[in-house]
Structures are given as structure tokens and as C-alpha cells.
**Student:** 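To start, I am sharing the structure in question, which I have written as C-alpha cells.
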2 protein chains.
Amino acid sequence: MTDRAIPEATVARLPVYLRALVEMAEASVGTTSSGELALAAGVNSAKVRKDLSYLGSYGTRGVGYDVAYLIHQVRRELGLTQHWPVLIAGAGNLGHALANYKGFSERGFGIVALVDNDPAKVGTRVGRLRIEPVEAMERIVRREEVAIGVICTPAGSAQSVAERMVAAGIRSILNFAPAVIVVPEHVSVRKVDLAIELQILGYYEQRKAVLADLAVGH
Amino acid sequence: MTDRAIPEATVARLPVYLRALVEMAEASVGTTSSGELALAAGVNSAKVRKDLSYLGSYGTRGVGYDVAYLIHQVRRELGLTQHWPVLIAGAGNLGHALANYKGFSERGFGIVALVDNDPAKVGTRVGRLRIEPVEAMERIVRREEVAIGVICTPAGSAQSVAERMVAAGIRSILNFAPAVIVVPEHVSVRKVDLAIELQILGYYEQRKAVLADLAVGH
DNA sequence: TGGTGTGAAACTTTTCACAGCT
DNA sequence: AGCTGTGAAAAGTTTCACACCA
């Protein structure tokens with residue numbers, strides 16, 4: 001396994017496996033199997049084995065995987081051995097919630113700054129952070145070596161904030177604004193659109209109702 | 001196009017097209033093309049045409065799509081002609097932020113209740129809502145005809161809350177807790193894990209660094 | 001002329017099934 | 001005896017390319 005290309009679908013599942021493995025380690029489980037891990041991650045065992053095989057042959061036939069060793073390997077592959085300073089743009093409800101979210105810093109993603117373009121908000125405190133003006137972004141990114149930017153602004157400001165982030169040197173963006181943002185090729189973007197998630201659920205919910213109607217013979 | 005099976009990947013993109021179309025309509029754009037829509041949705045035009053073709057043949061060759069008519073068709077397909085009452089479990093930072101989020105109600109997903117198991121929180125107000133005890137869930141779901149449940153609790157409570165939701169009659173769940181939840185087959189679950197999104201970005205960020213090193217000849 | 005609708009090709013992801021090792 | 005690792009098959013998704021038609 002000397003090739004360094006892990007399928008996207010696998011990359012998206014590795015953090016799920018990692019979380020399950022860490023829980024096992026905390027419960028003093030020393031060894032696990034693809035079946036057990038699959039159960040904890042909500043997938044099937046063939047997928048677990050295939051996914052882990054992209055990292056290398058870290059299991060033992062007839063036995064399974066050493067939990068601690070596998071944690072180490074998944075961490076290394078995901079780049080979690082280093083820490084990733086994060087900047088959040090937009091100090092509305094969501095920005096606040098994310099700035100206070102424990103799950104980020106626990107996993108090495110420390111929020112180092114929160115910026116907003118509303119002068120009334122600048123200077124106020126959110127946890128340990130003081131809200132800074134958007135203009136300070138470039139300076140902060142350089143000083144704190146920010147790698148990842150999170151956009152929590154309204155849709156209308158998302159593109160300009162993204163451009164500012166890119167200009168400041170950020171190469172990875174997590175976009176919560178309900179808007180498509182366009183960035184240069186070397187910048188990675190992932191988007192989370194809360195309303196869209198509900199709409200997708202709505203579609204399947206409606207389908208269930210329609211199918212139930214058909215079954216009844218409507 | 002009498003077959004009623006739209007690929008999952010397409011379903012996930014329809015809300016994105018819808019948002020772009022609504023913006024066009026608001027800007028008084030009467031007609032659009034797959035290329036224009038693709039640009040606004042951040043995909044390519046072949047994908048737009050293929051996706052829309054699953055809904056039916058609603059375009060006109062040489063001309064494009066009528067924006068208002070297409071909005072209607074996408075809305076109908078997604079089941080957005082009806083409204084979907086939503087219940088949120090967990091009134092922490094995220095639960096608060098979601099309860100106040102305008103984007104939901106704007107799209108027909110009204111938050112009708114917010115429940116929490118912390119007696120200190122029960123009774124306090126969040127916007128127009130009063131936080132209710134978890135025990136009230138069954139009654140609320142029946143009374144308000146809740147279709148969708150959103151889990152914003154800590155990981156440890158996610159499974160029990162999910163079970164409570166299912167017992168109360170909810171068949172669609174959006175899970176923000178960093179935990180895998182197990183539900184009966186007839187229940188749809190989508191999960192949004194904020195820390196996982198950052199970990200995925202971290203992976204690609206790290207890759208860029210490694211590749212850059214290689215290019216320099218390290 | 002210009003843009004849709006769609007088969008067919010290319011690619012990605014999932015699942016199967018079993019050889020091979022402990 | 002049991003569980004990994006992995007080719008090969010199957011399923012799903014994206015892209016291509018062009019016939020067709022307003």
C-alpha cells in the first residue's frame with residue numbers, strides 16, 4: 001500500500017471510525033474486529049475492511065485490529081497529529097454556537113478567532129475570544145497560522161468573506177452560509193446547509209406517505 | 001418519466017437548484033438554462049440537465065427552463081408544498097442557534113418545540129418557544145403533528161432521545177450529536193457532524209502540504 | 001442557432017466471496 | 001476456527017457527445 005490515494009468516500013468515514021475507536025480505547029478495549037467497528041460506525045464490515053486496507057495492512061487475520069495502533073494510524077493519515085487553528089467569520093447564533101463547541105478543540109481544531117463586520121459586535125466577548133473586525137483577518141491568519149476558515153455569515157456576505165479568507169492565505173473553508181461560494185482551485189471547500197438537510201428528509205418523508213397511500217390502494 | 005425513483009445524489013442537489021431558482025425569480029429572471037443554473041449551483045450543466053430530467057421534461061430545446069414553472073416542479077417533487085413541523089431536542093448552544101435560525105421556517109420547516117432534560121432549562125424561553133421537558137415529547141409530537149426531529153444533545157443522550165422520538169411517532173431525524181444512532185428501518189436519519197467536517201478538511205489540507213513538499217523535492 | 005434530453009462510456013463506490021494467515 | 005485483505009462483480013454516479021427540436 002505505497003500509493004497515497006485514498007478514495008473520498010473513505011476519507012469521509014475515517015473520522016467516524018476514529019471516534020468509535022477512541023470510545024473503545026476509553027472503555028479499555030484492546031482489540032476489535034471489522035464487524036464490531038462496523039456496528040459502532042453504522043456501516044457494514046466489508047466497507048470497514050476495504051476502507052482500512054487503504055491505510056495499510058494493520059489487522060491480524062483471525063484476530064482483528066489493535067485499537068491503540070489503529071487509532072494512531074488513522075490519526076496520522078488524517079493529519080490529526082498536528083493542530084489546526086480555525087477562524088470563524090460571522091458571530092451570529094451559529095457562529096457563537098460553533099465558537100463554544102467543545103468538540104472542535106477536543107479534536108485539535110482550536111478556534112483562535114471570531115470576526116464580524118458589525119461594529120456593534122466587535123470587541124464583545126464570546127467565551128475566551130474577543131470578536132474582531134473582518135479587516136483584522138489577514139493579520140490574524142498570519143499571526144495564528146490559521147489553516148481553516150469557517151463561514152457563518154448570512155448568504156449575502158459569504159462570497160466576499162470567502163475571498164477575504166483566500167486573500168489572507170486560508171486554503172480550506174467550511175461554509176455554513178446557504179450560498180455557493182466560488183474559490184480558486186487550490187482551496188478546498190465543504191459546505192453544510194442545514195435547511196437543505198431538512199429538505200432532503202422532507203423528500204423521503206413525503207415518499208413514505210405516498211408509498212403508504214399506494215399500499216392502502218388509494 | 002412515470003417512474004418515481006430519483007437517485008439519492010440528485011435528491012441532495014434539488015434543494016440547491018431550488019435556492020438558485022428562487023433567487024433568480026426574486027431578481028425577475030423569467031427563463032434560465034442548464035448552464036446558468038449550473039453556475040449558480042456550483043455544478044456542471046450536464047449534471048443539471050440529467051438531474052432535472054428525472055423530474056420530467058420541463059425545459060424547452062433552444063430556450064431553456066421557465067424559472068417559475070421549474071420552481072413549482074422542484075417544490076412539488078421535494079414535498080415542499082406542505083409544511084413540516086420540526087421538534088428540536090437539546091437546548092444547548094446548537095439547539096438555541098437552530099431554534100432561532102430563520103432559514104428553516106422560511107422554507108416551511110417551522111420549529112414547533114424545543115425539549116431538554118435539564119430541569120433548570122425547562123420553562124425558559126428561546127425566541128417564541130418555551131423549553132419543554134423531554135417527557136412531553138410524545139404529547140407534542142401528536143398535538144403538533146411533528147414529522148421531523150432534530151437531535152442537538154450531547155453524544156451520550158443521542159440514542160435514547162432518538163428512541164424516544166421514534167416511540168413518539170417521528171419518522172425522520174436529523175442528528176447533530178457526534179454519535180451513531182440506531183433506529184428501525186422505516187425511520188430516515190441524516191447526520192451532520194461538525195467535527196468530522198473539519199477533520200475531512202484537515203486531511204486534504206495536510207495532503208496539499210505533503211504534495212507541495214514533494215514538488216520542492218524534499 | 002442554441003439548448004434540452006438522453007443513451008452510452010467512464011469513473012467511483014459498494015458489496016460479494018473466498019484465499020490466506022494466525 | 002476465525003477474521004483480514006482483496007480481486008472481481010454489481011450498483012450508483014458523473015461525464016460525454018449528439019440527435020432532436022423550438
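If you're wondering where the values come from, they're calculated on a predicted model, not measured in any experiment. Protein chains get the first letters and strands the later ones, always in sequence-line order, with residue 1 at the start of each.
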**Student:** Only one of A:Val189, A:Val150, A:Val161, A:Ile148 clears side-chain contact (heavy atoms from CB on, under 4.5 Å) with A:Ile173; which?
**Tutor:** A:Val189
**Student:** Measure from the side-chain N and O atoms of B:Asp193 to the backbone N and O of B:Glu197, and report whether any donor-acceptor pair falls under 3.5 Å.
**Tutor:** no
**Student:** May I ask you to verify if any side-chain N or O of A:Arg61 is less than 4.0 angstrom from the OP1 or OP2 atom of D:dT6?
**Tutor:** no
**Student:** Of A:Gly62 and A:Asp51, whose nearest nucleotide on DNA chain D comes first from the 5' end?
**Tutor:** A:Gly62
**Student:** What is the distance, rounded to the nearest whole Å, between atom CG of B:Leu70 and atom P of C:dG3?
**Tutor:** 16 Å
**Student:** Distance alone, cut at 3.5 Å: any donor-acceptor contact between the side chains of B:Asp51 and B:Thr10?
**Tutor:**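 Short answer, yes.
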**Student:** Please confirm whether B:Tyr58 and B:Tyr65 have ring centers closer than 6.0 angstrom.
**Tutor:**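 Ring centroids of B:Tyr58 and B:Tyr65 are no less than 6.0 Å from each other.
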**Student:** Specify the residue among B:Ala46 and A:Gly64 whose closest nucleotide of DNA chain D lies further upstream toward the 5′ end.
**Tutor:**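 Checking each residue's closest nucleotide, the 5'-ward one belongs to A:Gly64.
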**Student:** OP1, OP2 of C:dT14 versus side-chain N and O of A:Asn44: anything below 4.0 Å?
**Tutor:** no
**Student:** Report the nucleotide, chosen from D:dG5, C:dG3, D:dA17, that has the shortest atom-to-atom distance to any side-chain atom of B:Ser33.
**Tutor:**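 Of D:dG5, C:dG3, D:dA17, C:dG3 is nearest to the side chain of B:Ser33.
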**Student:** It should be established whether B:Arg13 places a side-chain nitrogen or oxygen under 4.0 Å from OP1 or OP2 of nucleotide D:dT14.
**Tutor:**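 Yes, B:Arg13 has a side-chain N/O under 4.0 Å of OP1/OP2 on D:dT14.
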**Student:** Examine distances only and state if a side-chain atom of A:Lys208 and a backbone atom of B:Arg171 form a donor-acceptor pair shorter than 3.5 Å.
**Tutor:**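 Yes, A:Lys208 side chain to B:Arg171 backbone: donor-acceptor pair under 3.5 Å.
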**Student:** Consider the side chain of A:Arg49, meaning its heavy atoms from C-beta on, and name the nucleotide among D:dG5, C:dT6, C:dT13 that approaches it most closely.
**Tutor:**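 Looking only at side-chain atoms, A:Arg49 lies closest to D:dG5.
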**Student:** For nucleotides 9-11 of chain D, print each protein N/O atom paired with a nucleotide N/O atom at under 3.5 Å, atom names and distance only.
**Tutor:**
none

**Student:** Between B:Tyr203 and B:Gln199, do the side chains contain a donor N or O and an acceptor N or O under 3.5 Å apart?
**Tutor:** no
**Student:** B:Tyr17 has an atom OH; how far is it from atom P of C:dT4, in whole Å?
**Tutor:** 12 Å
**Student:** What's the closest nucleotide to the B:Tyr65 side chain, out of D:dT13, D:dT14, C:dT4?
**Tutor:**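 Closest of the options to the side chain of B:Tyr65: C:dT4.
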**Student:** Between D:dT14, D:dG5, C:dT22, which nucleotide gets closest to the side-chain atoms of B:Lys47?
**Tutor:** D:dT14
**Student:** Within the structure shown, what part of the strands sits under 4.0 Å from A:Thr10 by heavy-atom distance: base, sugar-phosphate, or nothing?
**Tutor:**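 It contacts nothing in the nucleic acid.
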**Student:** Rounded to whole Å, how long is the line connecting atom CD of B:Gln73 with atom P of C:dG5?
**Tutor:**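 Computing the B:Gln73:CD to C:dG5:P distance gives 12 Å.
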**Student:** Is A:Lys50 close enough to D:dG5 that one of its side-chain N or O atoms is under 4.0 Å from OP1 or OP2 there?
**Tutor:**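 The answer is no; no side-chain N or O of A:Lys50 sits under 4.0 Å from OP1 or OP2.
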**Student:** Answer yes or no: does a side-chain N or O of A:Thr60 lie under 4.0 Å from OP1 or OP2 of D:dT4?
**Tutor:**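 The answer is no; no side-chain N or O of A:Thr60 sits under 4.0 Å from OP1 or OP2.
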**Student:** Send over the distance from A:Asp66 CG to D:dC3 P, rounded to a whole Å.
**Tutor:**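 The distance from CG of A:Asp66 to P of D:dC3 comes to 16 Å, rounded to the nearest Å.
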**Student:** May I ask you to decide if A:Leu70's main-chain N or O and A:Asp66's side chain share a donor-acceptor pair within less than 3.5 Å?
**Tutor:** no
